[in-house]
Amino acid sequence: MRPRPDDGGLPRGRLVWRRLCGGPHGDLRVAHRGRQAGRPSPLPAGRQRGQQEEGREVTVRRSKSLVPTLREDPADAEALSHRLMLRAGLVRQLAAGIYVYLPLGQRVLDKVNTIVREEMNAIGGQEITMPVVQPAELWQQSGRWEGINEMFKLKDRWGRDLCLGMTHEEVVAWLAAHEIRSYRDLPQIWYQIQTKERDEARPRSGVLRTREFLMKDSYTLDPDVAALDRSYAAHERAYRRIFDRCGLRYYVVQSDTGMMGGLGSHEFMAPSAAGEDEVALCAGCGYAANVELARGVPAAPESPVWTRQEVATPNVRTIAEVSQLLGIDPRLTLKSLLYVAKTSGPVLVLVRGDHALHERKLARALGEEFRAAHPDEVRGALGAPVGSVGPVGARVPIVADEALRTGTYVVGANREGFHLKGVAPGRDFACRFADLHAVAPGEACTVCGKPLAVERVIEIGNIFKLGTKYSVPLKATYLDEAGREQPIVMGSYGIGPARIAAAAIEQLADQDGVVWPWSIAPFQVYVVVVSVKDAAQLGAAEQIYGECWGQGLEAILDDRDERPGVKFKDADLLGIPVRITVGNSFVKEGLVEVRSRRTRQERRVGQGEVVAAVRAMEAEEGRT
RNA sequence: CGGGGUGUGGCGCAGCCCGGUAGCGCACCUGCUUUGGGAGCAGGGGGCCGGAGGUUCAAAUCCUCUCACCCCGACCA
């Protein structure tokens with residue numbers, strides 16, 4: 001349904017407004033320029049830049065538009081971007097994690113998607129659309145039908161199992177199995193911008209984690225891993241361009257490929273307090289990784305010279321209590337945590353007292369699913385309650401964090417009310433070592449030794465080397481030069497347009513509201529008529545507004561019969577890059593004000609210089 | 001799934017402890033005044049108090065169950 005005119009004569013890089021529907025006012029949707037990026041298009045005479053189509057009037061007036069701004073913060077919104085997206089009238093929530101995109105929100109998504117399309121096309125991506133509703137058989141073949149409780153499953157009227165697509169590897173592999181035969185058909189890049197459905201356990205933070213969301217997902221098909229590496233690198237470059245153009249600050253970090261393995265993956269992370277992930281960053285060498293796998297070397301405490309001995313620790317359970325009672329640094333204690341692995345059974349996990357176990361790391365170390373042991377299981381396995389357990393004499397396998405290779409520590413004695421002092425891992429008990437603790441700020445970078453920073457981030461994109469995980473079970477193969485059948489080597493790559501919008505708000509908003517980057521702003525210009533009852537003001541504002549559209553600037557006219565303060569507050573809240581005010585100074589001196597939302601700097605210019613002033617402001621603020 | 005919280009006109013909230021039949025601000029409608037940073041006055045419309053059951057002469061208020069939403073954690077292919 002989204003308008004996608006062909007390139008017919010539209011100037012490059014410019015969004016063109018079209019009125020597509022009847023009705024008293026314009027359609028707020030953004031018309032996309034064609035899908036082919038970088039194709040210079042000739043301009044036929046009579047279809048000059050920015051011209052309105054077929055002479056139909058362009059009207060985007062606040063008085064007629066669905067832009068329901070809110071004066072107060074909605075009670076249910078906590079994250080900054082969530083509050084502002086509601087207050088600025090971009091979205092409304094229909095149910096937990098399910099949102100309606102209102103006209104302004106839709107325009108932002110369209111802007112982001114246009115950038116995404118241009119950059120995907122630029123690396124040879126071909127846009128397709130795959131179904132949301134998918135047959136169970138595909139997922140049964142890939143082995144993913146069981147075990148993903150995030151998937152919406154349903155039955156048709158005949159009782160056949162179907163699901164709502166949460167991702168499209170299976171469909172891509174199916175398509176490749178049917179259509180790709182020869183090495184001559186490779187490589188391929190297929191992408192779509194399509195709705196995904198995931199039955200999230202906990203939707204949260206507005207549009208940052210929802211059950212239904214738009215995703216740009218692309219898939220690469222290559223003959224071998226070397227070719228996959230090239231496709232992967234092309235995606236990384238495209239993603240950098242996309243996020244740069246969207247005006248975001250972001251990091252590219254190493255990420256966990258998950259329990260299912262894979263040949264490698266990176267995530268694109270936009271720093272924000274509202275983020276759900278954390279990354280470790282090294283300013284020295286550029287090392288950057290999701291904390292799910294980031295490694296750091298913690299400073300070792302000075303181990304006192306103490307002989308191994310049992311000490312009474314009555315009614316003391318936590319690390320804080322133990323270290324306080326004994327008067328020692330918490331770093332000289334060990335946390336002993338009992339887990340139960342699905343097949344191999346109980347395992348005792350050790351991290352330093354001041355460290356947090358990262359369960360994702362434990363999952364990798366164990367190579368299977370696990371859960372925390374119940375208190376009675378702890379007593380059964382170790383003969384002591386949770387607060388007094390330790391590794392010495394434990395008759396279960398032990399995994400200890402790498403940081404514990406050296407030093408001596410205080411551990412639980414496996415005897416209620418007692419701890420052991422001076423215990424050395426490896427000497428006093430047998431264990432294997434693995435990286436288990438969540439990296440903390442200040443730990444040394446394993447590459448260069450400089451201190452690591454840890455930052456909260458929003459995942460805005462990811463790139464993943466799948467390998468042959470889907471092509472083998474779904475029989476997506478090709479014949480190589482020697483006529484041998486080979487599995488296609490796949491990659492998959494995602495971008496969340498709504499997360500880009502939310503991250504932009506998180507990173508750029510100020511006290512007064514949203515501050516959009518020029519590139520993804522729903523409009524570039526907000527025209528305020530101070531008094532709509534003054535025909536001269538209104539007439540001039542309409543002229544300026546028409547001039548903007550004529551010159552390729554998207555403008556919205558605030559022609560509501562409201563007091564000026566209301567309109568100024570709203571303009572700030574909406575975050576459109578430039579505000580033009582037609583008011584007293586126009587009446588008196590023929591001047592209008594051109595004001596930057598971001599810098600709040602204002603210029604007064606004659607009516608004829610408005611577009612030039614906006615362009616100058618755009619250039620200064622660095623449209624990317 | 002574990003823990004915490006909230007459901008009362010469109011939005012934000014009070015009322016609930018101590019039962020007596022619903023109120024404030026904003027928004028909305030009408031009129032007058034006002035008009036450069038969320039106006040003033042006057043009048044007006046709008047609420048099965050999330051739902052079901054129970055206690056009671058009487059329930060927004062007490063009890064039980066249930067649903068929805070938010071936050072923390074787990075999960076997140």
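Within every chain, numbering begins at 1; the chains are lettered A, B, ... in the order of the sequence lines, protein sequences first and strands thereafter.
Taking atom CZ of residue A/R371 and atom P of nucleotide B/C75, one finds them 15 Å apart after rounding to whole Å. Between A/D534 atom CG and B/U34 atom P the separation is 16 Å, expressed in whole Å. Per the geometry, CD belonging to A/E200 stands 16 Å off C1' belonging to B/C72, to the nearest Å. The CZ atom of A/R202 sits 11 Å away from the C1' atom of B/G3 (whole-angstrom rounding). Computed from coordinates, the A/E562 CD to B/G40 P distance equals 13 Å when rounded to whole Å. For the pair A/R597 CZ and B/G37 C1', the computed distance is 13 Å after rounding to whole Å. Rounded to a whole Å, the CG atom of A/D570 is 15 Å from the C1' atom of B/G36. Residue A/D199 contributes atom CG, which lies 11 Å from atom P of B/C1 at whole-angstrom precision.
A cation-pi arrangement is found for A/K153 relative to A/W145, the charged atom lying closer than 6.0 Å to the ring centre and inside a 45° cone about the ring normal. Stacking of A/K196 on the aromatic ring of A/F213 is not recorded, the 6.0 Å distance cut-off and the 45° axial limit not both being met.
Residue contacts shown for A/Q93 are limited to sugar-phosphate atoms, with no base heavy atom under 4.0 Å away. Counting non-hydrogen atoms under 4.0 angstrom, A/R560 reaches nothing in the nucleic acid. Residue contacts shown for A/S205 are limited to sugar-phosphate atoms, with no base heavy atom under 4.0 Å away. No engagement by A/R92 is indicated, since no non-hydrogen atom pair under 4.0 Å with the nucleic acid exists. The residue A/S492 sits apart from the nucleic acid: no heavy atom pair falls under 4.0 Å. Within 4.0 Å (heavy atoms only), A/R87 reaches at least one base atom of the nucleic acid. Within the nucleic acid shown, A/Q537 has no heavy atom closer than 4.0 Å to any nucleic acid atom. Note on A/K533: a base of the nucleic acid sits closer than 4.0 angstrom, heavy atoms only. At the heavy-atom level, A/E359 lies under 4.0 Å from the strands shown only through sugar-phosphate atoms.
Partner assigned to B/U35 is none, using Watson-Crick or G-U wobble distances below 3.5 angstrom. When Watson-Crick and G-U wobble pairs are counted only if both distances are under 3.5 Å, B/G43 pairs with B/C29. The base-pairing partner of B/A60, taking Watson-Crick or G-U wobble contacts with both distances under 3.5 Å, does not exist among the strands shown. Figure legend. B/G73 is base-paired to B/C1; pairs are counted as Watson-Crick or G-U wobble with both atom distances under 3.5 Å. Nucleotide B/G23: paired with B/C13 (Watson-Crick or G-U wobble, both distances less than 3.5 Å).
Across B/U55 and B/C65, the matching C1' atoms stand 15 Å from one another, rounded to whole Å. For the C1' atoms, the distance from B/G37 to B/A60 is 40 Å, rounded to whole Å. As rounded to the nearest Å, B/C57 and B/G10 have C1' atoms that lie 37 Å from one another. The P atoms of B/A58 and B/G54 are separated by 12 Å, rounded to the nearest whole Å. Rounded to a whole angstrom, the distance from the P atom of B/G45 to that of B/G23 is 13 Å. Comparing the P positions of B/G38 and B/A27 gives a spacing of 12 Å, expressed to the nearest Å. B/C28 and B/U61: their P atoms are spaced 33 Å apart (whole Å). Rounded to the nearest Å, the gap between the P atom of B/A14 and that of B/G50 is 13 Å.
For A/R563, counting side-chain heavy atoms from C-beta on, the closest listed nucleotide (B/A74, B/U34, B/G36) is B/U34. Residue A/R204 has its side chain nearest to B/A74 when only B/G36, B/C69, B/A74 are considered. Closest contact between the side chain of A/D76 and the listed nucleotides B/A77, B/G38, B/C70 involves B/C70. Of the candidates B/C70, B/A74, B/A77, the closest approach to any side-chain atom of A/A96 belongs to B/C70. Comparing B/G12, B/C72, B/C26 against the side chain of A/E72 picks out B/G12 as the nearest.
Put simply, A/R71 has no side-chain N or O that comes within less than 4.0 Å of OP1 or OP2 on B/G12.
A salt bridge is defined here as a Lys NZ or Arg NE, NH1 or NH2 lying under 4.0 Å from an Asp or Glu carboxylate O, and A/R211 with A/E200 fails to meet this definition. Here A/R371 pairs with A/E377 in a salt bridge; the nearest charged N to carboxylate O distance falls below 4.0 Å. For the pair A/R603 and A/E593, the salt-bridge criterion is not met [side-chain N within less than 4.0 Å of a carboxylate O].
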Could you check A/T343 against A/E368 for side chain to side chain donor-acceptor pair (under 3.5 Å), going step by step and ending with a plain yes or no?
CA-CA 8 Å; A/T343 58; A/E368 61 171 320; 2.6 Å; yes
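Taking 3.5 Å as the limit, the base of B/G37 and the side chain of A/R579 contain a donor-acceptor pair of atoms between them. In this model, a side-chain donor or acceptor of A/D572 finds a partner on the base of B/G37 within 3.5 Å.
Positionally, the nearest nucleotide of RNA chain B for A/T581 lies more toward the 5' end than for the other of A/T581 and A/A77. For the pair A/N149 and A/A95, nearest-nucleotide mapping onto RNA chain B gives the more 5' position to A/A95.
Between A/M166 and A/F152 the shortest side-chain heavy-atom distance does not fall below 4.5 Å. Between A/V91 and A/V100, the closest side-chain pair of non-hydrogen atoms is not below 4.5 Å.
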